[in-house]
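Reviewing the structure listed below.
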Amino acid sequence: MNIAFFLLPKQEVVWLTMDATLRQTLEKMEHHRYTAVPILDNDGGYAGTLTEGDLLWHMKNNPQLTFEQTNKVKLSDVRMRLSNKAVQIDANMEDLLSLAKVQNFVPVIDDMNRFIGIVRRSDIIDYCEALIVNANNSKKEMAAG
């Protein structure tokens with residue numbers, strides 16, 4: 001199955017650019033209760049996924065940084081520890097499974113590396129659950145028939 005059916009489009013996704021500040025990021029993540037957000041470059045390409053852990057490690061490694069100063073720190077200065085992979089829009093569900101094990105969402109890009117949305121891990125799990133339920137129902141029907 002093509003993943004376009006599961007795509008949450010860019011306009012419905014909370015994302016930030018490398019020019020966003022640490023403070024903006026903290027506030028946006030807190031407001032939406034997200035633990036990770038996609039980061040885009042200035043051309044709209046997928047640059048990576050920033051996690052709460054990345055923010056905490058940055059603050060731990062910069063003890064002189066106060067919360068009041070977080071509006072002066074750009075995301076381009078924050079190291080993203082994980083390398084979350086994106087998939088092309090023409091990927092299929094099988095391509096997403098291994099990524100969904102270690103990522104909350106899978107970023108989706110077009111053929112020019114522009115970010116076009118995400119597929120949420122919960123949607124991937126729901127899809128797999130439906131396949132299992134359907135397979136089990138088919139087995140029961142065959143056994144009864």
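Values below: all heavy atoms of this structure, side chains included; hydrogens, waters and symmetry mates excluded.
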Is M80 reachable from Y34 through a run of I, L, V, M, F, W or Y residues, each pair having side-chain heavy atoms under 4.5 Å apart? yes

What are the two closest non-hydrogen atoms of V108 and Q88, and how far apart are they? CG1-C, 4.2 Å

Check: V133 main-chain N/O paired with N136 side-chain donor or acceptor under 3.5 Å: no

What distance separates T21 OG1 from N71 CG, expressed to the nearest 0.5 Å? 6.0 Å

For the CD atom on E12, are there more than 12 heavy atoms of other groups (residues, nucleotides or ligands in this structure) within a distance under 6.0 Å? yes

With side chains defined as the heavy atoms from C-beta onward, is the minimum distance between T49 and L82 less than 4.5 Å? no

Between L26 and L75, is there a shared hydrophobic cluster once you connect ILVMFWY residues whose side-chain heavy atoms come closer than 4.5 Å? yes

Evaluate side chain to side chain contact (heavy atoms under 4.5 Å, CB included) for I124 paired with M93, printing each intermediate quantity in order. CA-CA 8 Å; I124 296 167; M93 189 56 76; 4.0 Å; yes

Which one of L50, D54, V78, T70 satisfies the side chain to side chain contact (heavy atoms under 4.5 Å, CB included) criterion with T25? L50

With a 4.5 Å heavy-atom cut-off, do Y127 and L131 have their side chains touching? yes

May I ask whether V119 and I116 are part of the same hydrophobic cluster, defined by side-chain heavy atoms of I, L, V, M, F, W, Y residues being less than 4.5 angstrom apart, directly or through others? yes

Check the pair M18, I39 against side chain to side chain contact (heavy atoms under 4.5 Å, CB included), reporting the backbone distance first and the verdict last. CA-CA 7 Å; M18 296 295 264; I39 305 299; 3.2 Å; yes

Closest heavy-atom contact between A36 and F105? O-CE2, 3.7 Å

Surrounding NE2 of H32 (heavy atoms of other residues, nucleotides or ligands, distance under 6.0 Å), is the total greater than 12? yes

Closest heavy-atom pair and its distance - H58, V73: NE2-CG1, 3.7 Å

Rounded to the nearest 0.5 Å, what separation is found between the CG atom of L99 and the CG atom of N104? 12.5 Å

Of all the heavy-atom pairs spanning L22 and M59, show the shortest one and how long it is. CD2-CG, 4.3 Å

Would you call F6 and R120 a side-chain contact if the rule is heavy atoms closer than 4.5 Å? no

One should read off an interatomic distance between L65 CG and K60 NZ, to the nearest 0.5 angstrom, of 13.5 Å

Minimum heavy-atom distance between P107 and I118, given as atom pair plus value: CA-CG2, 4.2 Å

Would you kindly confirm whether I89 and Y46 end up in one hydrophobic cluster when ILVMFWY residues are joined by side chain heavy atoms under 4.5 Å apart? no

For the atom pair CD1 (I109) and CG (L40), what is the distance rounded to the nearest 0.5 Å? 11.5 Å

Does the pair F115 and V13 meet the rule for a side chain to side chain contact (heavy atoms under 4.5 Å, CB included), with working shown? CA-CA 10 Å; F115 177 78; V13 175; 4.1 Å; yes

Taking atom CD as the centre, does Q11 end up with more than 12 heavy-atom neighbours from other residues, nucleotides or ligands that are less than 6.0 angstrom away? yes

Does G45 offer a backbone N or O that forms a donor-acceptor pair with the side chain of D43 under 3.5 Å? no

List the atom of Q64, the atom of Q69, and the distance in Å for their closest heavy-atom pair. O-OE1, 3.1 Å

Close side-chain approach of I3 to L7, heavy-atom, < 4.5 Å: no

Determine whether a donor-acceptor pair (N or O, by modelled atom type, separation under 3.5 Å) exists between the side chain of R121 and the backbone of A100. yes

Side chain to side chain contact (heavy atoms under 4.5 Å, CB included) between V14 and K28, intermediate numbers included: CA-CA 8 Å; V14 173; K28 193 168 272 201; 3.4 Å; yes

So for atom NZ, which belongs to K10, do other residues, nucleotides or ligands contribute more than 12 heavy atoms lying within a distance under 6.0 Å? yes

Test of understanding: clusters of I, L, V, M, F, W, Y form through side-chain heavy atoms closer than 4.5 Å, transitively. Do L97 and F5 belong to the same one? yes

Hey, could you give me the CG/CZ distance between L56 and R81, rounded to the nearest 0.5 Å? 8.5 Å

